[in-house]
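Each remark here refers to the structure printed beneath this line.
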Amino acid sequence: MSGSPGFSADAREGARAHLLYLHGFRSSPRSFKARVVQQRMQAAGLAGNLTCPQLPPSPKAAMELVLTLVQRHADNLAIIGSSLGGFYATWLAERFGCRAVLINPAVDPLQDLDKHVGITTEWHTGEPFEFKREYIAELAALKVGTITRPERYFLLAATGDEVLDYRDMVAHYPGAHQHVIQGSDHAVSEFEQYVDEVLAFCLRDSLQGGAGSDPAR
């Protein structure tokens, strides 16, 4: 993707946009990318325009929580989702017709997460939690086979992702804005280099006159 407007300029004009950040499996709002987004939004004076919840292990409960948190922002919502959060973001983007940035998204997490059924731990606290067998069926209910309006999606994928295959991501989001990073890793450890590009894409609807004016809606 090239030619993105600078986030600093966009932020002053697009303050009506509300941003939802969704972390990945075993992660939290304390993840590196979530903190980079939080810090950048705060620096732009937009901390109040960001929702970054701790998602429960149950996909059904996670989406019920998110819908409760962002329903009032349905007309001016944009989403950033990382890994499993990217899977959730895709379902939500189809539901709300909003923009979504997907960072090394899990395209089909059912098989990958099947091996995690049982007791596991949260990365940042070490706290144990149970990923139940019925959660696989809950994931299946959220799967988007084919995206619509690809212009509202931005894929940020790393060829060096050690967890997921970037080629599956590229194939799942045909026609979307795509920035394929050569190398890097699943966490996109250099995410600070890309955060302005990501946030500029999220705010673009507001800059073009609000959600109702975007043909992707």
Side-chain angles (χ1 to χ4, degrees), residues 1-11 14 17-55 62 66 70 77-93 98-107 109 112 122-125 152-170 172-173 176-207:
M1 179 181 175
S2 61
S4 296
F7 171 62
S8 296
D10 289 351
H18 192 88
L19 184 63
L20 170 68
Y21 184 95
L22 301 176
H23 63 73
F25 182 67
R26 296 181 61 196
S27 191
S28 77
R30 294 176 294 282
S31 72
F32 168 66
K33 291 189 294 297
R35 287 186 287 110
V36 169
V37 170
Q38 291 163 5
Q39 291 164 5
R40 195 69 183 91
M41 292 288 282
Q42 184 173 11
L46 296 175
N49 293 54
L50 174 66
T51 297
C52 185
Q54 175 69 59
L55 300 176
V66 167
V70 303
L77 185 67
I79 309 170
I80 301 173
S82 173
S83 195
L84 181 59
F87 176 82
Y88 291 151
T90 304
W91 182 79
L92 288 164
C98 65
R99 287 183 176 268
V101 177
L102 318 161
I103 305 170
N104 283 336
V107 171
D112 291 335
E122 198 265 321
W123 279 114
H124 303 103
T125 66
R152 68 183 167 208
Y153 290 96
F154 172 23
L155 171 67
L156 185 65
T159 64
D161 189 326
E162 72 281 9
V163 178
L164 302 171
D165 192 330
Y166 83 97
R167 292 168 293 189
D168 294 335
M169 308 172 198
V170 169
H172 191 64
Y173 297 95
H177 300 270
Q178 297 191 0
H179 183 153
V180 177
I181 304 168
Q182 297 302 313
S184 190
D185 50 28
H186 184 63
V188 189
S189 298
E190 70 285 7
F191 181 65
E192 288 172 315
Q193 298 178 23
Y194 307 109
V195 64
D196 281 1
E197 181 181 10
V198 166
L199 293 176
F201 182 87
C202 289
L203 288 175
R204 192 175 302 167
D205 281 353
S206 289
L207 297 177

Atom pair CZ/CD1 of F154 and I80 - distance to nearest 0.5 Å:
10.0 Å
List in chain and number order the residues that pass ring pair (Phe, Tyr, Trp, His ring centres under 6.0 Å) with Y194, two or more places apart in sequence or in another chain; answer none if no residue qualifies.
H179
List the atom of Q54, the atom of P29, and the distance in Å for their closest heavy-atom pair.
OE1-CD, 3.2 Å
For H172, which residues count as a side-chain hydrogen bond (donor to acceptor under 3.5 Å, both in side chains) partner, sequence neighbours excluded?
none
So N104 and V163, do their side chains get closer than 4.5 Å, heavy atoms only?
no
For the residue pair G86 and P105, what are the closest heavy atoms and their distance?
CA-CB, 3.9 Å
Contacts of type side-chain hydrogen bond (donor to acceptor under 3.5 Å, both in side chains), residue S189, not counting sequence neighbours
D185
Which residues share a side-chain hydrogen bond (donor to acceptor under 3.5 Å, both in side chains) with S27, sequence neighbours left out
none
Please report the C-alpha distance between I103 and F191 in whole Å, then the side-chain angles of each, then the deciding distance to 0.1 Å, and finally whether the side-chain contact (heavy atoms from CB on, under 4.5 Å) criterion is met.
CA-CA 10 Å; I103 305 170; F191 181 65; 3.6 Å; yes
For residues K33 and Y21, report the shortest heavy-atom separation together with the two atoms involved.
CB-OH, 3.3 Å
Residues two or more places apart in sequence or in another chain: which of them pass side-chain hydrogen bond (donor to acceptor under 3.5 Å, both in side chains) with R35?
none
Interatomic distance, L77 atom CG to L20 atom CG [nearest 0.5 angstrom]:
6.0 Å
Quick check for you: to the nearest 0.5 Å, what is the distance between H18 atom NE2 and C202 atom SG?
11.5 Å
Side-chain contact test, heavy atoms from C-beta onward, threshold under 4.5 Å: evaluate it for L19 versus L46 and give yes or no.
no
Restricting to ring pair (Phe, Tyr, Trp, His ring centres under 6.0 Å), what partner residues turn up for Y173, sequence neighbours left out?
Y153
Of all heavy-atom pairs linking D168 and V107, the shortest is O-CG2, 3.8 Å
Nearest-0.5 Å distance that lies between atom OG1 in T159 and atom CD in Q182:
4.5 Å
Minimum-distance pair of heavy atoms, taken over all atoms of A157 and M169:
CB-SD, 3.7 Å
Run the side-chain contact (heavy atoms from CB on, under 4.5 Å) check on E197 and V101 step by step: do they pass?
CA-CA 10 Å; E197 181 181 10; V101 177; over 6 Å; no
Per side-chain contact (heavy atoms from CB on, under 4.5 Å), S184 is matched among E162, Q193, E190 by E190
Modelled atom types, side-chain donor and acceptor of S31 and H23, under 3.5 Å:
no
Rounded to the nearest 0.5 Å, what separates atom OG in S82 from atom OH in Y88?
12.5 Å
Do the non-hydrogen side-chain atoms of L84 and L22 ever get within less than 4.5 Å of each other?
no
Which pair of heavy atoms, one from I79 and one from A93, lies closest together, and at what distance?
CD1-N, 4.1 Å
4.5 Å side-chain heavy-atom contact, V70 and L92:
no
Using the side-chain contact (heavy atoms from CB on, under 4.5 Å) definition, which of the options V195, V36, N49 pairs with M41?
N49
